[in-house]
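So the structure is just underneath, and the comments pick up after that.
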Protein chains: 2
Amino acid sequence: MIQDPQQRARLLEHFAFLRTAERDFREAFFDRAVTARLPAGHIICHDGGSCAQLALALAGTARIYKLGENGREVTLYRIGPGESCVVTAACILSARPFPAFAVCETAIEAVVVGAADVRRWMAASAPWREFVFGLVAERLGEVFGVLDAILFKPLDQRLAALLLHRWQAAGRPAMLHTTHQALAVELGSSREVITRLLGELEGRGALRTGRGRIELLDPGLLGARDTID
Amino acid sequence: MIQDPQQRARLLEHFAFLRTAERDFREAFFDRAVTARLPAGHIICHDGGSCAQLALALAGTARIYKLGENGREVTLYRIGPGESCVVTAACILSARPFPAFAVCETAIEAVVVGAADVRRWMAASAPWREFVFGLVAERLGEVFGVLDAILFKPLDQRLAALLLHRWQAAGRPAMLHTTHQALAVELGSSREVITRLLGELEGRGALRTGRGRIELLDPGLLGARDTID
DNA sequence: CGCCACTCTGTGACTATGTCACCCAGCAGC
DNA sequence: GCTGCTGGGTGACATAGTCACAGAGTGGCG
């Protein structure tokens, strides 16, 4: 039950479906929802596990990824404030195991509702339905995009696009703080390959690398055609 | 409008949600649905296009695949009798473009309903909701599986699993009728690579190849660990 | 300060897969 | 039998992943 008016206001701010929803549904939502705090690194779902709850993020981000037997992984997508993991939703609604891993990347504050409520509201509230469908379609699109990138785009372009994206998202700072390993995991590649590609970019004068950081000197030289990931 | 009692019976047989549905919904469904016949090769949706209708297959199969700029492709999944393309459904429900191609593999007989009805029934009928969610989760799982296979499984195992699967699905015939190109497209690889791998398997005595056909001599020698695709 | 443990990075050799360029084989229509 | 088409074979090369190991930065601690 969420009673604190400030918390309610935050929810309304992040989740449009609550603003457009009928009064009844909104009250029911506040009545049944529970706030939760998860530390960074917390495993929300694991491959093959089942999900009994749907979490709507208020603050922090989670990363959803596939992990192979050999230890390699790919990031499929992230969820941030105002979003929720649809795959979880889909699993809840059809009672299937969750086909990937989800972990907290940062500490997360979220609102949690049970599977039964999720299902019930699908019948009761149009805005809630729209919200859930929107999430499903969005994530589906992202996963399709990842697949597309992995199969059809050369890795150097994907790396360039990723760096560019990170750089812009961070407000075009002088330095990016990340490791080769982290980039590899993001792209579903391996560290050595990323190291080599970065070396190549460094040779071209596009960037300079250091332990745990990458300095973008000339983003134009990266050769990214557009943002892929 | 579907009036023919035989056609109605066929629908009931293929789609469980119609059997468990309320009488009202069933009548509404028959009232609004339309049967359609599509020839083999017909393009149902194309990448980036939008979908105005949801098709429920009664007979025939469709293949949903991703196509890269270079012309390579991967099969994501198929839909057969009693199924429907969820991605279409997700797109309908969230008004997003369709992120892949869908074509008829064989001639298809289907029942088509408009996007507005699809949305409306989501509110009105629990069995319909279950049906749609089930499809979404199932396809989502298949796409995740493809991603997993592409990233983490060696191609020779994927090929072996595919051959084994085809062979079993066809009732363990003496011959499989397919081309190297078709197998490549299925796995998201290229013809030359498949040719080489098949050559290797032939060398091992697992099969014999001929123009447009593959004879499985000893399925055990394929080396498939389990069915991947 | 110097040592140590740890993480991150660099590199070479090798394998797997994809791409390109051709050529050849089987089959159908004329 | 010619011809054209589709399917198959192959070598050379490019890209990407794996393995093994060396070395470089960093922080804790005596």
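Order of the sequence lines fixes the chain letters, A, B, ..., with proteins taken first and strands second; residue numbering starts at 1 for each chain. In this text, all values refer to a predicted model and were calculated from it rather than measured experimentally.
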B:Glu215 has an atom CD; how far is it from atom P of D:dG8, in whole Å? 15 Å
Qualifying residues under salt bridge (Lys or Arg N to Asp or Glu O under 4.0 Å), relative to B:Glu192, sequence neighbours excluded: none
Which atom of B:Cys104 lies closest to which atom of B:Ile108, heavy atoms considered: SG-CD1, 3.9 Å
Got a sec, which pairs hit salt bridge (Lys or Arg N to Asp or Glu O under 4.0 Å) with one end in residues 70-94 of chain A, sequence neighbours left out? A:Arg63-A:Glu73, A:Arg78-A:Glu105, A:Arg78-A:Glu186, A:Glu83-A:Arg139
Please output the side-chain donor-acceptor pairs of residues 199-209 of chain A that fall under 3.5 Å, not counting sequence neighbours, one pair per line with the distance.
from, atom 1, to, atom 2, distance (Å)
A:Glu202, OE1, A:Thr209, OG1, 3.0
A:Glu202, OE2, A:Thr209, N, 3.4
A:Arg204, NH1, A:Leu221, O, 3.0
A:Arg208, NH2, A:Glu215, OE2, 3.3

Residues pairing under salt bridge (Lys or Arg N to Asp or Glu O under 4.0 Å) where one sits in residues 37-59 of chain A, two or more places apart or in two chains, turn out to be A:Arg37-A:Glu109, A:Asp47-A:Lys66
If each of B:Asn70 and A:Arg196 is mapped to the nucleotide of DNA chain C with the nearest heavy atom, which maps nearer the 5' terminus, i.e. the 5' end? A:Arg196
A:Ile150 atom CD1 is separated from D:dT15 atom P, nearest whole Å, by 19 Å
Short heteroatom pairs, N/O only, protein and nucleotides 22-27 of chain C, under 3.5 Å:
from, atom 1, to, atom 2, distance (Å)
C:dG26, N2, B:Arg211, NH2, 3.3

Of the candidate nucleotides D:dG17, C:dG10, C:dG18, which contains the atom at the shortest distance from the side chain of A:Thr209? C:dG10
Please check the phosphate of D:dT10 (OP1 and OP2 only) for any side-chain N or O of B:Thr195 closer than 4.0 Å. no
Quick one: A:Leu197 CG to C:dT11 P, roughly how many Å, whole number? 14 Å
Can you measure B:Asp156 atom CG to C:dG18 atom P for me and round it to whole angstrom units? 11 Å
When the distance from CG of A:Leu198 to C1' of C:dT11 is rounded to whole Å, what number comes out? 15 Å
Contact class for B:Gly199 vs. all strands (heavy atom < 4.0 Å): base, sugar-phosphate, or nothing? nothing
Where is the tightest heavy-atom contact between A:Ser84 and A:Ala55, given as atom of each residue plus distance? OG-O, 2.6 Å
Rounded to whole angstrom units, what separation is found between the CZ atom of A:Phe152 and the C1' atom of D:dT15? 16 Å
From the list D:dA16, D:dA20, C:dC20, which nucleotide is the closest neighbour of the side chain of B:Glu192? C:dC20
Let me know the distance between CD of A:Gln181 and P of C:dC6, rounded to the nearest Å. 18 Å
Using only side-chain N and O atoms of A:His180, determine if any of them is under 4.0 Å from OP1 or OP2 of C:dT9. yes
Pairs satisfying ring pair (Phe, Tyr, Trp, His ring centres under 6.0 Å), at least one member in residues 61-103 of chain A, at least two apart: A:Tyr65-A:Phe101
Applying a 4.0 Å non-hydrogen cut-off, can you work out what B:Thr179 is touching in the nucleic acid: base, sugar-phosphate, or nothing? sugar-phosphate
In whole angstrom, what separates A:Leu183's CG from D:dA16's C1'? 16 Å
